[in-house]
Amino acid sequence: MYNEMKWQKNLIDRPKLFFMSQNEAVWALIAFYLAITLNLLVAFFYPFENDIGGLSDELSLVVWAVMGISFFMVVKVLRGYRAFAVATVVRLVYSLGVVKTIWIIGILQVVNKMIFLVAFLCNRGVFYKESSSDEENRPNQNRSSPWRAVFRDREFAMHISYILLCLLGLCAHEFFFSLLARRLSLPSSLLASPFSL
């Protein structure tokens, strides 16, 4: 218990790592929504054509209005981020094209998953450094590196493979994003209260 308290204090002393580790569930939820978006774009628009047509003036105005209203709600009330995200994706698809939109969302997915991986490692105490006096007082059998435990962890390997699939989707072929669908089940902690985030 004492070591965990020291580890928490060490984590709090690093504000960026503390922020990332405290929001691990948020990063997982963002990865979930980005994976759904990527899969829907690949499913609806494959084979990708250079010109998918444009929006009519009325529909374009509706998309801009939804973007504006939902952006105002996100900034002022901290609600409406899903509507803003959907309107932004629709605007990007019809302004930049499907392939560039997939690239943008894929890059966001890689960055988000890397932030999630840092939070994952922080919550497992990998970035905790003990002082030399703490290491001397600890018995030999407990001196194993937290990195060894992380590299043996199947969940860590799954997150690394997720990042590799995203990179393959960006570099090789967009169908690699469809393999992200195997991970489209929300963790049980997120299913408990879907409206809490």
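Note that the coordinates shown come from a computational prediction; the quantities given were computed from them, not determined experimentally. In this chain, numbering begins with 1 at the start of the sequence shown.
Counting only heavy atoms from C-beta outward, the side chains of T101 and F45 never approach each other to under 4.5 Å. Contact annotation: the side chain of V89 never approaches that of L40 to less than 4.5 Å [non-hydrogen atoms, C-beta and beyond]. Two residues are said to be in side-chain contact when any heavy atoms from C-beta on lie closer than 4.5 Å; V110 and M114 meet this criterion. Looking at L38 and V42, their side chains never come closer than 4.5 Å, going by heavy atoms from C-beta outward. V98 is not listed as a side-chain neighbour of Y46, based on a closest heavy-atom distance of 4.5 Å or more.
Hydrophobic clustering of Ile, Leu, Val, Met, Phe, Trp and Tyr side chains at less than 4.5 Å, counting indirect connections, keeps V77 apart from V26.
F72 meets the ring pair (Phe, Tyr, Trp, His ring centres under 6.0 Å) test with no other residue; sequence neighbours excluded. Under the ring pair (Phe, Tyr, Trp, His ring centres under 6.0 Å) criterion, F176 pairs with no residue, sequence neighbours left out. Residues passing the side chain to side chain contact (heavy atoms under 4.5 Å, CB included) test with I115, sequence neighbours excluded: M20, W27, V111. Listed by chain and residue number, nothing satisfies the ring pair (Phe, Tyr, Trp, His ring centres under 6.0 Å) test with F177 (two or more places apart in sequence, or in another chain).
The shortest non-hydrogen separation linking A31 to K113 is CB-CD, 4.5 Å. Taking every heavy atom of both residues into account, G80 and S70 meet most closely at O-CB, 3.6 Å.
From E24, atom CD reaches atom CG of L29 across 12.5 Å, with rounding to the nearest 0.5 Å. To the nearest 0.5 Å, atom CG of residue L34 and atom CG of residue L108 are 6.5 Å apart. Annotation: the span from L41 atom CG to L92 atom CG amounts to 9.5 Å, rounded to 0.5 Å. Atoms NZ and CD1, on K100 and I105 in that order, are 14.5 Å from each other to the nearest 0.5 Å.
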For a quick test of your reading: what N or O donor-acceptor pairs under 3.5 Å do the side chains of residues 57-69 make, sequence neighbours left out?
{"from": "S60", "atom 1": "OG", "to": "R91", "atom 2": "NH1", "distance (Å)": "2.9"}

Atom pairs and distances, donor-acceptor, side-chain atoms in residues 164-174, under 3.5 Å, two or more places apart:
{"from": "H173", "atom 1": "ND1", "to": "F175", "atom 2": "N", "distance (Å)": "3.1"}

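Ring pair F71/F84 is tilted by interplanar angle, where 30° to 60° counts as tilted.
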